[in-house]
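Worth knowing before you read on, the calculation uses all heavy atoms, side chains too, and leaves out hydrogens, waters and symmetry mates.
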Amino acid sequence: MKRLWNDEDLVAHFTLLPQDRQLLQNKTEATRLGFAVMLKCFQQEGRFPARHEIPFAVIRHIADQIELHPELFVHYPTQGRTAEYHRAQIREALGFRPSTEADSEAILRWMDTHILPQERDPETLTEIFYTRCRALRLEPPAPKRLSRWIQSALRLHEETFCSTVLQRLSPAMRSALEALLRPPTDEEMSLDASEEDIEEPEADAISGQAWLYRLKAGPGEMTVKTVLKEIAKLQRLRALELPAGLFTTVPPKILQRYRQRVNAEEARDVRRHPEALRLTLLAVWCHLRIQEITDGLLDLLNEMVHTIDTRAERKVQREMVKDFKRVVGKNALLFQIARASLQAPEGKVREVVYPIADEQTLKDLVAEWEASANYDRQVQQSLRNSYSHHYRRMVPHILEALSFHSNNALHRPVLEALELLKQHIERKSRYFPLKTRVLIKDVVKPSDRNAVVEIDAKGRERVHRIPYEVCVLKALREKLRCREIWTEGAARFRKPDDDLPANFEAERTVHYQALALPEDGEEFLARTQRELTQELQALDKAMPKNPAVKFLEREKGRLCLTPLAALPDPPHLDALKAEVNRRWPLTSLLDMLKETDLRVGFTEAFKSPTPWEKLDRETLQRRLLLCLYGLGTNAGIKSMCAGEHGESYKDLLYVHRRYITNDHLRNAITQVVNAILRVRHPDIWGEGTTACASDSKQFGSWDQNLMTEWHIRYRGPGVMIYWHVEKKSACIYSQLKRCSSSEVASMIQGLLRHNTEMNVAKNYVDTHGQSEVAFAFCSLLGFELLPRLKGLHRQKLARPESGKPEDYPHLQPVLAKPIDWELIRRQYDEMVKYATALRLGTTDAETILRRFTRNNVQHPTYKALAEWGRARKTIFLCRYLRSEALRREIQQGLNVVENWNSANSFILYGKGGELASNSPEDQERTMLCLHLLQNSMAYINTLMLQQILAEPEWRNRLQAEDRRALTPLFYLHVHPYGWFDLDLTKRLPLELPMAA
């Protein structure tokens, strides 16, 4: 049952109606309250919840209506004759009846046809079963019986699914899949292209592995050897020739469950499964691995094009810097030469100029000017040499392995140019043949044309082959990044139409209602036009009375905003933290994690991917906590073996491999966040908040992978972790991302996928987390985006329509062109379709938002989103400039996420805080364990603070400033490093040195 209810929801769902009160007649005290609670809960849930499921806020709200104390509910019997009589009375009044076994079987058959093909999670299926029972006016069966039935239905559906897959696999395919479970023979080793250039220790380490696990390794850094290895893996998997469309109708999350099961088991364990299940597991694994390798090859291609371009520029710039250092004080020197020349225009150079600058200095000046004048030519020459002598070796293999397509005829020139490259890839000549049709327009940028096209002595245009290849690859990279060109067999770079909901037109009304948007575009636009006009008028009216906002006279249109004044320091917060440290000194971080689990039970989220578990739950709980602590602190699993718990490194590795997946970690984090939200006392922390802040932080990481990138601001390689933290320091979502990837996409992904009980209505971000497209999508999805803008002086306010200067006289310096409402009207349906794709999660936010970047400015939906975003951003700016309270609210929200970032290094202390892995999956697992540990610390600190503040002495000391700054994210009393024992009577088992 939902745990968090605001006052509005309580009134809407748990208010006793006149017909409800009639049922309360002849009932008193605890019986009256208990009956009322069960009645309203049954109306809401369609079932009778257990006592511990009912939130106290619901009990208190109902108790207040019938003037009883909520504590009386503990005396109401939920079992026995009285409870059964009350339940029968409630069922009769609401028109329900107990479900029979035949009813349950009918519902399970319905689920097998309509639900199980798309959903396999037992908890979700249980909720769907309850919803179906409610629609049929049936009281569902007992939870334990229902759980057994659902598990049985899942098993039968899986057997049917696996049999269907097996029937579609030919005998040759089955043999090829079975071969993946054995190590390669010596003959296969000698023929395997992926073994080329592998260093001997690495080859020895993998020589005994089955083919399946040799194909599992991800790509390393961007090198020719890496590309050839990945292509060899792809060819090996494609040689299986799995049937086309084998898993087209199966949702990705179900396929990922099968994949995790293969990853968690040894090859010998996979062999023990029945044939249908075994081959289905292998087929799913290979299907997903083909997509991953294809995406990885495209990432490598994009990285290669970017690398040769940037390295060529850096190389030329380094050489130019050397030249620039030869002549110091050029401006002063040239001024002196000019003045001397004017004073003696008839004099000789040696007599007038050389006393100021000798001959060598003048030569250096000329060399420096020539170097800067020929910058573009030198960059092109460096790029050509780098590509032709090294990187070009991988291009033929990539073009042969991948198939590129486009749904837009405007991008056909790039595809035709790729075909031309394939035809002439083996040629050694400098130019393309004269009779060859070489496309220049829409392929070669005007700035690169001089390097590609040359006019020979006869006046004919000759196209340089190598520069043209580089230009084609640059154009391909741009089109791939904005999804205008897609690749067959990929996941992230797949056909863009597959990202959109297939049933949008058929269920158009349902999708609009889910987003709370009108189907009529006119109504949608009229509402925003009125809001925009009102906000501009309000800001214009407030400008003369707003000393914090002004326009600088020296720079036309430059907006200036006075910084916020500092708030007074909280007077008693330091004393409160000191009291926590006095009562719980040197609290072990591991004990905090353990106590959180004992209270919340988040380790129940870690389940074996197989139907059976041999470990007893207590042993598994202990090993899970040790593994989670070792990963979250970055100390490592091996370090956790140094203790008196009796667990070996081998046992911990087994639990790590089999139980700790990223999905399980996210479920555990969700449980802890929900526990934090439930345990808070409103009189201390205030009512439940609907606001969170999001920001990213850079973490160092190993660089032999495609996730790690150089960060120009932090001056080092690493990855970014993007956090979503609510206003009282509970982090609801985290994401691992590249340094160059979109923070806007990460922001939207977290708002949609956090899965906690928090109802997020608004989100604070910094400048990097906002854009016009971000404002557009957040508005369509029902979120309020509240950024802190760094370049405020560059912002403009959009007009609702063309008007006269007297319309907004005080805003004229910052008014921009009016909104193109007609464009938004034409693209309204498409905008809602993309917003629906984000809501449903048909693909991740970054994949969708990649289509709407400046590289794809001609896309009509992008233009409409940009116009809609301008309107929403103008509305926000008007409020932001007018309201100091809003500016302070945003600042305080972002301070919370900065405080969260500062605690990361305290917990992730191992290995210098560096993510010591080249696997993005392992890096994300470390991030999630850190997230879990930090939330657990916040949960225990919340309980500690509430225990102290329950005492009148401390509760009465807190002032408004203390409550404003109160946070559970502090660690003065926390000891994260373990215990240190020193026994001078014990010696290491070393031999004594021999006497001299």
Side-chain angles (χ1 to χ4, degrees), residues 221-228 297-324 367-399 402 404 413-414 416-418 420-432 436 438-456 461-482 485 703 706 709-710 712 740 854-855:
E221 63 176 340
M222 200 287 298
T223 63
V224 175
K225 184 170 64 175
T226 298
V227 172
L228 296 180
L297 281 173
L298 291 169
D299 287 332
L300 289 167
L301 175 63
N302 290 336
E303 183 69 17
M304 182 267 289
V305 177
H306 176 70
T307 298
I308 61 176
D309 204 6
T310 55
R311 285 184 179 177
E313 290 190 6
R314 285 201 299 265
K315 180 180 179 181
V316 174
Q317 289 170 0
R318 284 195 300 266
E319 293 175 354
M320 290 178 64
V321 167
K322 294 178 183 178
D323 293 334
F324 292 159
E368 180 180 325
W369 181 87
E370 289 178 346
S372 59
N374 297 325
Y375 175 78
D376 291 339
R377 183 182 60 80
Q378 294 181 49
V379 169
Q380 288 291 342
Q381 184 62 41
S382 176
L383 187 151
R384 179 187 306 178
N385 294 339
S386 175
Y387 172 73
S388 61
H389 295 160
H390 181 67
Y391 291 107
R392 191 174 182 272
R393 289 185 292 161
M394 70 175 72
V395 174
H397 301 282
I398 291 179
L399 295 181
L402 302 179
F404 299 98
V414 178
E416 293 180 15
L418 287 172
L420 181 65
L421 260 59
K422 291 182 182 180
Q423 297 171 11
H424 296 268
I425 201 69
E426 301 297 336
R427 294 181 64 92
K428 303 297 182 183
S429 60
R430 183 175 183 181
Y431 304 100
F432 284 103
T436 303
V438 182
L439 294 172
I440 300 297
K441 185 180 179 182
D442 298 327
V443 175
V444 179
K445 293 182 179 179
S447 58
D448 295 331
R449 182 180 174 85
N450 291 336
V452 174
V453 181
E454 178 184 321
I455 307 299
D456 64 7
E461 287 190 351
R462 303 299 304 272
V463 179
H464 287 269
R465 190 169 48 83
I466 297 300
Y468 183 77
E469 288 183 11
V470 175
C471 290
V472 172
L473 294 177
K474 286 183 180 180
L476 175 63
R477 178 176 183 266
E478 290 184 1
K479 303 306 179 185
L480 282 171
R481 284 164 61 86
C482 64
I485 290 180
D703 58 0
L706 296 178
E709 293 178 342
W710 178 272
I712 190 171
S740 61
R854 299 186 188 279
N855 291 331

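- For Arg430, there are no salt bridge (Lys or Arg N to Asp or Glu O under 4.0 Å) partners at least two apart in sequence or on another chain.
- For Asn385, the side-chain contact (heavy atoms from CB on, under 4.5 Å) partners two or more places apart in sequence, or in a different chain, are Gln381, His389.
- From Ile398, atom CD1 reaches atom CG of Leu418 across 11.5 Å, with rounding to the nearest 0.5 Å.
- The CD atom of Glu478 lies 10.5 Å from the CG atom of Asn302; values are rounded to the nearest 0.5 Å.
- Under the side-chain contact (heavy atoms from CB on, under 4.5 Å) criterion, His397 pairs with Leu228, Ile231, not counting sequence neighbours.
- Looking at heavy atoms from C-beta onward, Tyr431 lies in side-chain contact with Glu454 at the 4.5 angstrom threshold.
- Proximity of a side-chain donor or acceptor of Arg384 to a complementary backbone N or O of Val470 within less than 3.5 Å is not detected.
- Applying the side-chain contact (heavy atoms from CB on, under 4.5 Å) rule to Ala475 yields the partners Val414; only residues at least two apart in sequence or on another chain are considered.
- For the ring pair (Phe, Tyr, Trp, His ring centres under 6.0 Å) test, no residue two or more places apart in sequence or in another chain qualifies with His306.
- Across all their heavy atoms, Ile425 and Arg392 have their closest contact at O-NH2, 2.9 Å.
- Between the SG atom in Cys471 and the CG atom in Leu476 there is a gap of 12.5 Å [rounded to 0.5 Å].
- Side-chain contact check for Val452 versus Val438: every heavy-atom pair is 4.5 Å or farther apart.
- Residues that satisfy the side chain to side chain donor-acceptor pair (under 3.5 Å) test with Glu221, not counting sequence neighbours, are absent from this structure.
- If you take CZ on Arg427 and CG on Leu421, they are separated by 12.5 Å, rounding to the nearest 0.5 Å.
- Applying the salt bridge (Lys or Arg N to Asp or Glu O under 4.0 Å) criterion to Asp309, with sequence neighbours excluded, gives Lys474.
- Considering only heavy atoms from C-beta on, Trp710 stays 4.5 Å or farther from Asp703 through its side chain.
- Residues passing the side chain to side chain donor-acceptor pair (under 3.5 Å) test with Glu416, sequence neighbours excluded: Arg437.
- Ring geometry for His424 versus Phe432: interplanar angle over 60°, hence perpendicular rather than tilted (30 to 60°).
- In this structure Arg465 satisfies the salt bridge (Lys or Arg N to Asp or Glu O under 4.0 Å) test together with Glu469, sequence neighbours excluded.
- Annotation: side chain to side chain donor-acceptor pair (under 3.5 Å) contacts of Ser740 (sequence neighbours excluded): Glu709.
- By the 4.5 Å heavy-atom criterion applied to side chains, Arg462 and Val453 are not counted as neighbours.
- Atom CG of residue Leu473 and atom CG of residue Leu301 lie 6.0 Å apart, to the nearest 0.5 angstrom.
- Listed by chain and residue number, Met222, Met304, Thr307, Ile308, Arg311, Ser386, Tyr387, Met394 satisfy the side-chain contact (heavy atoms from CB on, under 4.5 Å) test with Tyr391 (two or more places apart in sequence, or in another chain).
- For NZ of Lys422, the number of neighbouring non-hydrogen atoms (other residues, nucleotides, ligands) closer than 6.0 Å is greater than 12.
- Here Asp448 pairs with Gln380 under the side chain to side chain donor-acceptor pair (under 3.5 Å) rule; sequence neighbours left out.
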